[in-house]
2 protein chains.
Amino acid sequence: MERAVPAGIVTLKDVAAASGVSLSTASRALDERMVSRSAAAAHVRKIAEELGYRRNSFASSLRRGETRTLGVLVPRLSDTVMALMFEELERAASSRGYFAMVATSGDDPEDERGAAETLLDRNVDGLILATARLDDELPRLLRERRVAHALVLRTDGISPSALGDDEVGGYLAVRHLIDLGHRNIAVVTGPTFTSSGTARLAGARRALGEAGVAPREEWLIAAGYGIEDGYTAGETLLAGTQPTRPTAIFAANDNIAMGVMAAAHHNGIAIPDDLALVGYNDTPLSARLPTPLSSVRVPLDQIAANAIELIVNPGTEPFIRRSLPTLIPRQSSGKPKHAGG
Amino acid sequence: MERAVPAGIVTLKDVAAASGVSLSTASRALDERMVSRSAAAAHVRKIAEELGYRRNSFASSLRRGETRTLGVLVPRLSDTVMALMFEELERAASSRGYFAMVATSGDDPEDERGAAETLLDRNVDGLILATARLDDELPRLLRERRVAHALVLRTDGISPSALGDDEVGGYLAVRHLIDLGHRNIAVVTGPTFTSSGTARLAGARRALGEAGVAPREEWLIAAGYGIEDGYTAGETLLAGTQPTRPTAIFAANDNIAMGVMAAAHHNGIAIPDDLALVGYNDTPLSARLPTPLSSVRVPLDQIAANAIELIVNPGTEPFIRRSLPTLIPRQSSGKPKHAGG
DNA sequence: CTCCTTTTTGCAAACGTTCTCTTGACAGTG
DNA sequence: CACTGTCAAGAGAACGTTTGCAAAAAGGAG
């Protein structure tokens, strides 16, 4: 069966022949790891350039047993945070000579396993997991199989992980609201099965405690991370039927915050006049909403760099690296008109 | 140099040995293309399963000369439309047994070339370009090099392309506004160097023409596709200094629409009471804004399927496939209070 | 049971690299 | 000039599959 190559594919053999050296010499001359060497080698490189030689990555990987490729597993890329995270991972990987390959896994653990296998079948040198569940089996399986991997944006406490310090983030957000004079503060966190959700809530509680505010348990809502989850929670907190309602809300995610905004709008509550709002992740959108959203910025670039580092240089402590988030105050959290406790 | 394999890697040779057949028989028994065959083959498959054999994709690709991998080039994944597009491409590819690999190129043509090379170096069987510029050189280069490829969400009129019918989309949006009674309609399109931008504008013009409305040229603004571009355009159209202002705006993109919303908010103009607004792409966010945004939905799944088809089965006409968009009316385009004109 | 056709099998040669080992060249030293 | 050490280059064996070819086995018809 004839291969339909346009005859244009120039292989290392061609380069060697054209430069009058042996295959091995040509190979060595083009090896990027050792710096240029002697006269003849330079010649080979020139010829290769002229002929438009491109190394066949399969042959190379087959022989070398490494691919300089990392697999990234995310639930979905249409989630802006995941997309941003991947972009940073891609950048960090490429700056270290690696290529980042993504697969989306959805929310189903079964599909997640499948996606992981897909990536492993492509012989990735390591796997980066941006999937969120605390009770996920995958990290354990990967540890057992001795697959290099790192968790990103969350941790299970065992596998190498790079994430933002969610507890501090939660603290910063609520502390900001307290500093503005708020006492009636509600928190809408993510699902309880995510480490980010629980940690942000813990941080929020710490800030409340420090200020001597006893949190009302019915104002601490664990929701999903979607806009409608935020809307539902917002309705619960803000509907006219409530005897008293919070003057400030910390949403553990910008999506939730958007949902809360919609609910506030729906109930005729103005932001920031009647309600202060702080989100999380500092999505590009946040800054550009009609009422720009205060949000906790997570240093995704640092997290990405850490994750790559953990895989490329396994064994370098610490295995769990938290990067500090910062609060970006914007219009959505102004001084309240009707503050008080 | 010893390879650091955990000794766990089971190769085809092992499977063959364990099942007492030759290498070639084992290989054929595991070939997915021809359905199962005779007794012995079934046995091989069972052994392979037990041993946890996974075919080495490099060796396979090296020998076969194909990778069942498609490269997707997008400017950035943090653009929701691009992320959604990629997700659909991934799905469509996987349903045909292909794997979709993404690289982001940014806006710089230079980087785009580089990203394309990165993908080609990984021996993708074809390239899908979701980058937007009309004057892009890359499609021409790919044609010259006989690289299988398809454009997505735009066309240059020559290379195989799968996209939405932007002209019709523009028409639908403006026709909707006209049907609501609007006559003072402004259009904010994308950059003139994108086929989507110009086509949507053309469609809008057609709708205006049909209704006997002479478009005011200063109300047809070519902007970028970002939120702030929309904001700037919105300010221009809506600022209090304008003698008359439009009662309806068609934004060629949901981002632009969001910017216009912000500008309207800033100028104290209520949507939909004082201004009707229609966006484009029907981003998931659109439906969930405080004032849900009417938008033109583009069938990304069809487009993805077409693109994959064009690459996997090259030569099947037509080379340029347009899918029909539909209008999703929502709250942002209600009947105007002060219509007329 | 023979002859012919179809299917299955094994051998061995690829695919394009990399890398170990060996040989050759060259320069420096006494 | 002989000797040793350094460095570059070539030969050839991998890496794990797939596949053309020839031979063997199986199945069918008479």
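Note that these values count all heavy atoms, side chains included, but never hydrogens, waters or copies made by symmetry. Proteins get letters first, then strands, A, B, ... in listed order; numbering begins at 1 in each.
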Out of C/dT18, D/dC15, D/dT19, minimum distance to the side chain of B/Asp31 belongs to D/dT19
Here the distance between atom P of C/dC19 and atom CG of A/Leu30, to the nearest Å, is 13 Å
Between CZ of A/Arg54 and P of C/dG16 the distance, given in whole Å, is 16 Å
**Asked** For C/dT17, does either OP1 or OP2 sit under 4.0 Å from a side-chain N or O belonging to A/Ser27?
**Response** no
Rounded to whole Å, the CG-C1' distance (B/Asp14 to D/dC15) equals 14 Å
Comparing nearest nucleotides in DNA chain C, the 5'-proximal residue of the pair B/Ala59, B/Val21 is B/Val21
Picking from C/dG16, D/dT17, D/dA9, the nucleotide nearest the side-chain atoms of B/Arg55 would be D/dT17
Among D/dT18, D/dG10, C/dT17, the one nearest any side-chain atom of A/Leu12 is C/dT17
- Around atom CZ of A/Arg76, are there more than 12 heavy atoms of other residues, nucleotides or ligands at under 6.0 Å? yes
Per atom distances to the A/Thr11 side chain, the nearest of C/dG16, C/dT9, D/dG16 is C/dG16
From NZ of A/Lys13 across to C1' of D/dG12 the rounded distance in Å is 13 Å
Rounded to whole Å, the CZ-P distance (B/Arg68 to D/dT18) equals 13 Å
Contact class for A/Ser60 (heavy atom, under 4.0 Å): base, sugar-phosphate, or nothing? sugar-phosphate
- Message: More than 12 heavy atoms of other residues, nucleotides or ligands under 6.0 Å from CD of A/Glu144: yes or no?
- Response: yes
| said: Before you tell me yes or no, could you show the steps for B/Thr69 and B/Tyr98 under side chain to side chain contact (heavy atoms under 4.5 Å, CB included), namely the whole-Å CA-CA distance, both residues' side-chain angles and the distance that decides it to 0.1 Å? | reply: CA-CA 5 Å; B/Thr69 298; B/Tyr98 280 75; 6.0 Å; no
Side-chain atoms of B/Arg28 come closest, of D/dT18, C/dG16, C/dT9, to C/dT9
Exercise. Below 4.0 angstrom from OP1 or OP2 of D/dA9, is there any side-chain N or O of A/Thr25?
Worked result: no
Atom CG of B/Leu23 and atom P of C/dC11 are separated, to the nearest Å, by 10 Å
So, is A/Ser24 close to the D/dA9 phosphate, meaning a side-chain N or O under 4.0 Å from OP1 or OP2? no
| task | Determine, step by step, whether A/Arg68 and A/Arg96 satisfy the side chain to side chain contact (heavy atoms under 4.5 Å, CB included) criterion, reporting the C-alpha distance in whole Å, the side-chain angles of both residues, the deciding distance to 0.1 Å, and the verdict. | result | CA-CA 9 Å; A/Arg68 307 230 113 206; A/Arg96 284 171 160 280; over 6 Å; no
As a quick check of understanding, evaluate side chain to side chain contact (heavy atoms under 4.5 Å, CB included) for A/Phe58 and B/Thr67, giving each step before the final call. CA-CA 10 Å; A/Phe58 292 137; B/Thr67 62; 3.0 Å; yes
Practice item. Give a yes/no on whether any side-chain N or O of B/Arg64 is located under 4.0 angstrom from OP1 or OP2 of D/dT17. Key: no
In whole angstroms, the gap separating P of D/dC15 from CG of A/Asn56 amounts to 18 Å
Separation of D/dT18 atom C1' from A/Leu62 atom CG, nearest Å, is 13 Å
Check if the side chain of A/Arg63 and the base of C/dT18 share a donor-acceptor pair of N or O atoms closer than 3.5 Å.
yes
